[in-house]
Every structure is written in C-alpha cells, then in structure tokens.
Amino acid sequence: MSELSDRDARHVNRIAHVETFTVALPSLRDFSVAGGAVVQGGRPAIRVLVKVTADDGATGWGEATPIPSWTYETTESIVSTIEGYLAPAAVGRPLWDLDGLCRTFDRTISKGFSIGMPLARAAVDVACHDAFARSLDLPLGELWGRRRRDTIDLAWIVATESAEVAADSVAEGRAHGYRHVKVKLGLHTEDEDVAIVTAVRAAAPDAVLWVDANQGYTAAAALRVAGRLADLDVAVFEQPLPSNDVAGLRRLRDASPIPVAVDESLRHPSDLATFVRLDAIDVAVAKVQRCGGLTLALRQCQLAEDCGLAIMGSGLTESDVGLAASLHLFAAFGVDTPVDLNGRQFITSPYTTDPVITVADGVAHVPTGPGLGIGVDEDAVRALAL
C-alpha cells in the first residue's frame with residue numbers, strides 16, 4: 001500500500017452528514033440592486049445555512065444567499081441541489097480533500113456559462129473548510145498559511161431613490177463610523193444616478209467612493225455615465241455591463257475614464273483568465289459565493305494577484321457565516337481597499353454566539369478562532385428554520 005493510500009486508510013475524518021436549514025433572518029431596511037429587491041425591510045431575509053458533520057464529530061457551517069434578482073439560484077434550487085446532488089457526492093469523502101470535493105462537484109452538476117450552481121456549492125465548500133480547520137484547531141488563515149491583515153475596512157452602501165435620501169443615508173453611515181461609500185447605480189435614469197453620486201460625494205468628500213451598476217447599463221450608457229462621474233473622484237466603476245458581454249467590457253475598459261471592475265462575470269478562475277487574455281479588466285472583485293466557495297475563490301484571487309490586477313472585495317448581503325468566510329479570504333490576500341460586505345447594514349444574525357465578529361467604526365476584525373472563528377447556536381438555527 002502506498003504511503004498516501006496507507007495514510008488515507010488510517011484517516012477517519014470523513015464527511016458523514018450534510019444538512020440544510022432554510023432560515024428567516026430579521027431585516028433592518030430595504031435594499032435593491034439594478035435587477036430588483038435584495039432585502040425588504042420588515043420582511044424576513046431568507047438564507048440557506050449548511051452544516052457539515054464529519055465522522056469524528058467535527059462540524060462546520062456555510063451559507064448561501066438566494067437572490068434571484070442577482071443570480072438564477074433560488075431558495076428551492078439551492079436546497080434541492082445540495083440535498084439531492086451535492087450532499088450525496090460529498091458524503092464519505094475525506095474532509096481534508098477540498099480540491100477533490102471541488103472536482104467532484106464539477107462532475108456532479110454540469111457548468112452553466114462557467115460553473116454550475118455556485119451558491120449551493122459555496123455553502124457546502126465553506127462548511128467543509130470550517131469543519132476541517134476546526135478539527136485541526138486552526139483558523140482558516142493558518143490552515144492556508146496566509147493572513148496578511150487583521151482588519152478589513154467596510155463600505156456603507158447607498159441604494160436610494162433620490163439624491164436627498166442618498167445624503168441622509170451617508171449621514172447615517174457616518175454616524176455608525178463608516179468612512180467609505182459604495183453607490184448602487186442602474187436603479188434610475190442616468191441623470192438621477194449621477195445626481196445621487198454627486199450628492200454622496202458632497203456628503204462624503206474624503207471617502208473612497210465607488211459605484212456598482214450590477215449589469216444595469218448598456219455600453220453606450222455606461223460610457224456616458226463614466227464620463228460624467230470622472231470629476232467626482234470615483235475610484236472604480238463595478239460591473240456596468242451584463243456579465244457575458246466580454247467584448248463590451250473590453251471596449252468600455254479602453255474608453256472609460258474610471259477603472260472598470262468585474263464582478264458577476266468572474267464565476268470561475270477560467271473566466272478571469274479570459275478577461276486577462278483579452279486585456280479587458282482593471283480590477284477583479286473577489287466574492288466567495290459567486291465562485292462556488294473558498295476553494296475556487298482562493299484560486300481566482302491568486303490568479304488576479306499573479307497577473308498584477310487589483311483585488312477588491314464584495315459579498316451577497318450574507319449573515320455572519322458568510323461574512324466570516326469573506327473576511328478570511330480578503331485577509332489572506334491583504335485587500336486594503338474598502339469592501340462591500342453589507343450584511344450587517346441590512347440583516348441580523350440571531351444564530352451567532354461567542355465568539356462573534358467585531359465590527360467597529362466601519363472596520364471588521366478578522367476572526368481568530370478555529371475554522372471560521374465564530375460561534376453558531378444550532379438550537380437558534382433550528383428555531384429560525386422554516
């Protein structure tokens with residue numbers, strides 16, 4: 001028996017169970033992007049939490065955020081994909097073999113444009129990372145051998161209907177200690193979008209300010225808007241065009257006076273490789289769920305770094321499980337620009353217990369405990385489950 005197979009034969013840390021919990025989390029306020037509503041204040045925010053249990057009792061948690069206005073995965077499709085396909089493929093596999101799990105999922109769910117069911121995959125992948133690191137009593141940064149930052153700056157999100165409300169939103173963020181701002185565009189006319197950004201800049205003259213259209217513009221409209229925003233010291237124009245319009249994004253990148261960041265287009269590392277080959281990208285946005293989990297997100301960030309691209313960070317309005325995963329990823333690559341991890345602005349995570357993630361004055365402290373580094377009260381999860 002080879003050394004590897006002999007070691008594997010002795011190894012008992014295998015995936016035994018994968019459970020899903022569709023939970024209703026309290027919402028704090030409305031939040032919409034160009035595609036539609038993400039959170040509706042006063043109505044529960046639905047998230048899918050995943051618990052992975054190994055045969056030695058090690059456990060880990062992951063999260064998926066069903067946002068049909070942002071991507072095609074719904075609550076129902078995420079749960080059915082995990083329970084009917086991903087969980088059966090995962091059970092029995094060594095917990096340490098995260099790359100093998102990723103390749104197994106590639107065979108289990110065929111790719112769409114570049115990857116199949118990334119949100120569902122991400123929840124299981126993150127839970128496996130959490131469980132494996134906890135079984136070794138290591139935080140994720142130590143498991144990966146890379147942690148370049150202990151804190152990550154967050155941005156306050158402005159997604160409002162008017163310039164007047166935008167200024168009030170910035171004031172609220174400032175009151176909570178947030179110094180930097182991201183503005184959602186594509187919700188209104190071009191004139192209204194520009195007026196909102198102008199009001200935000202006036203209210204936050206020293207902030208790092210960037211805008212995100214979430215695929216909401218045509219190439220011509222995006223170029224017009226970029227030209228009008230150039231004098232407002234906008235740092236980045238994020239995903240102005242549809243994710244599959246690679247040629248349009250390349251033309252826009254060549255002509256835009258503002259650097260163009262790509263988010264929804266980068267589902268798999270191979271997508272980033274295409275943008276790099278075509279010289280069609282200024283900034284790569286890292287996002288755990290969009291990439292199908294930490295395994296592929298790590299690969300994509302490493303590729304971006306090796307290609308000399310700037311890396312910015314974003315999330316999907318996750319609760320604290322997803323927030324923790326993103327913080328570890330961004331800390332691993334030393335992301336020093338403000339990031340869009342806006343879950344705390346729009347929803348709460350009543351299932352968390354000590355240790356909890358500290359966010360103070362718009363700065364998140366990267367957890368230092370084993371795995372994701374946060375506590376999850378399973379009884380509270382079950383109480384929140386639908």
Side-chain angles (χ1 to χ4, degrees), residues 30-39 65 67 69-71 153-161 163 165-166 169-170 173 178 180-190 192-201 204 207-219 221-230 232-245 248-249 252-253 256-267 275 281-291 309-318 326 330 335 337-343 345-346:
D30 292 344
F31 177 39
S32 295
V33 298
V38 174
V39 177
T65 307
I67 306 179
S69 60
W70 189 84
T71 190
D153 288 344
L154 307 183
W156 186 259
I157 307 306
V158 173
T160 58
E161 64 271 19
V165 176
S169 179
V170 172
Y178 287 77
H180 309 296
V181 185
K182 178 177 180 178
V183 181
K184 292 292 186 176
L185 301 185
L187 299 164
H188 314 289
T189 66
E190 293 175 32
E192 289 169 330
D193 279 349
V194 172
I196 287 171
V197 179
T198 302
V200 168
R201 175 49 82 198
V208 174
L209 168 63
W210 77 106
V211 299
D212 181 5
N214 289 113
Q215 311 181 73
Y217 286 142
T218 64
L223 187 57
R224 287 193 299 268
V225 170
R228 296 175 68 182
L229 297 181
L232 295 175
D233 192 24
V234 172
V236 168
F237 198 166
E238 184 177 335
Q239 198 66 51
L241 306 186
S243 61
N244 61 353
D245 189 3
L249 284 162
L252 180 62
R253 189 250 179 171
S256 173
I258 300 172
V260 174
V262 179
D263 178 0
E264 287 94 324
S265 301
L266 304 181
R267 301 200 176 245
F275 276 86
I281 184 171
D282 291 308
V283 180
V285 177
K287 182 173 283 181
V288 174
Q289 288 197 59
R290 186 204 64 218
C291 291
L309 294 175
I311 300 173
M312 297 186 72
S314 185
L316 280 181
T317 315
E318 294 103 332
S326 295
F330 302 160
V335 176
T337 54
V339 303
D340 172 11
L341 294 178
N342 59 48
Q345 185 178 341
F346 296 102

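Start at 1 with the first residue, then count along the sequence. Note that the coordinates shown come from a computational prediction; the quantities given were computed from them, not determined experimentally.
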TODO: Determine whether R253 and I281 make a side-chain contact, defined as any pair of heavy atoms from C-beta on separated by less than 4.5 Å.
DONE: no

Task: Parallel, tilted or perpendicular, as decided by the 30° and 60° cut-offs, for the rings of F237 and Y217 - done: perpendicular

Open item on the list: side chain to side chain contact (heavy atoms under 4.5 Å, CB included), that's the test. Do V38 and F346 meet it? Break it down for me.
Closed with: CA-CA 10 Å; V38 174; F346 296 102; over 6 Å; no

TODO: Can you spot which of V236, V234, L232 makes a side-chain contact (heavy atoms from CB on, under 4.5 Å) with V211?
DONE: V234

Open item on the list: Between V339 and L154, is the side chain to side chain contact (heavy atoms under 4.5 Å, CB included) condition met? List the steps.
Closed with: CA-CA 5 Å; V339 303; L154 307 183; 3.7 Å; yes

Open item on the list: If you define the side chain from C-beta out and look only at heavy atoms, does anything of T337 sit under 4.5 Å from D153?
Closed with: no

TODO: Scan side-chain atoms only and decide if D212 and Q239 contain a donor-acceptor pair under the 3.5 Å cut-off.
DONE: no

- [ ] Mind listing the closest non-hydrogen atom pair of A230 and I258 along with its distance?
- [x] N-CD1, 4.1 Å

Task: Residues forming a side-chain hydrogen bond (donor to acceptor under 3.5 Å, both in side chains) with T198, sequence neighbours excluded - done: none

Task: Residues in side-chain hydrogen bond (donor to acceptor under 3.5 Å, both in side chains) contact with R290, at least two apart in sequence or another chain - done: D263, Q300

Open item on the list: Between S265 and S243 (side chain of the first, backbone of the second, donor and acceptor by atom type, cut-off under 3.5 Å), is there such a pair?
Closed with: yes

- [ ] Determine the minimum heavy-atom distance between V285 and L266, stating which atoms define it.
- [x] N-CD1, 4.2 Å

Open item on the list: What I'd like to find out is whether the side chain of L249 reaches to under 4.5 Å of the side chain of P242, using heavy atoms alone.
Closed with: no

Task: A37 to I67 - nearest heavy-atom pair and separation - done: O-CG2, 4.5 Å

Open item on the list: Please find the pair of heavy atoms, one from M312 and one from P338, that lie closest to each other, and give the distance.
Closed with: CE-O, 4.1 Å

Task: Test side-chain contact (heavy atoms from CB on, under 4.5 Å) applied to L229 and L209, V183, L185, the passing residue - done: L185

- [ ] Write down the atom of A284, the atom of L309, and the distance for their closest heavy-atom approach.
- [x] CB-CD1, 4.4 Å

- [ ] Under the side chain to side chain contact (heavy atoms under 4.5 Å, CB included) rule, what do T317 and V39 come out as? Steps first, then yes or no, please.
- [x] CA-CA 9 Å; T317 315; V39 177; 4.0 Å; yes

Task: Heavy-atom pair with the smallest gap, counting every atom of A155 and Q345 - done: O-OE1, 4.4 Å

- [ ] First locate atom OG1 of T65, then atom CH2 of W70, and finally report the distance between them rounded to the nearest 0.5 Å.
- [x] 9.5 Å

Open item on the list: Once rounded to the nearest 0.5 Å, what's the spacing between atom CD of E264 and atom CG of N214?
Closed with: 5.0 Å

Open item on the list: Any side-chain to backbone donor/acceptor pair from H180 onto W210? Under 3.5 Å, distance only.
Closed with: no

- [ ] With D340 as reference, evaluate K182, E238, K287 under the side-chain contact (heavy atoms from CB on, under 4.5 Å) test and give the passing residue.
- [x] K182

TODO: With rounding to the nearest 0.5 Å, note down the distance linking OG in S256 to CG in D282.
DONE: 8.0 Å

Open item on the list: So, using salt bridge (charged side-chain N to carboxylate O under 4.0 Å, His left out) as the criterion, who are the partners of E318 when residues are at least two apart?
Closed with: none

Task: Nearest-0.5 Å distance that lies between atom CG in L187 and atom CG in D193 - done: 6.5 Å

- [ ] Answer whether the closest heavy-atom distance between the side chains of R267 and T71 falls below 4.5 Å.
- [x] yes

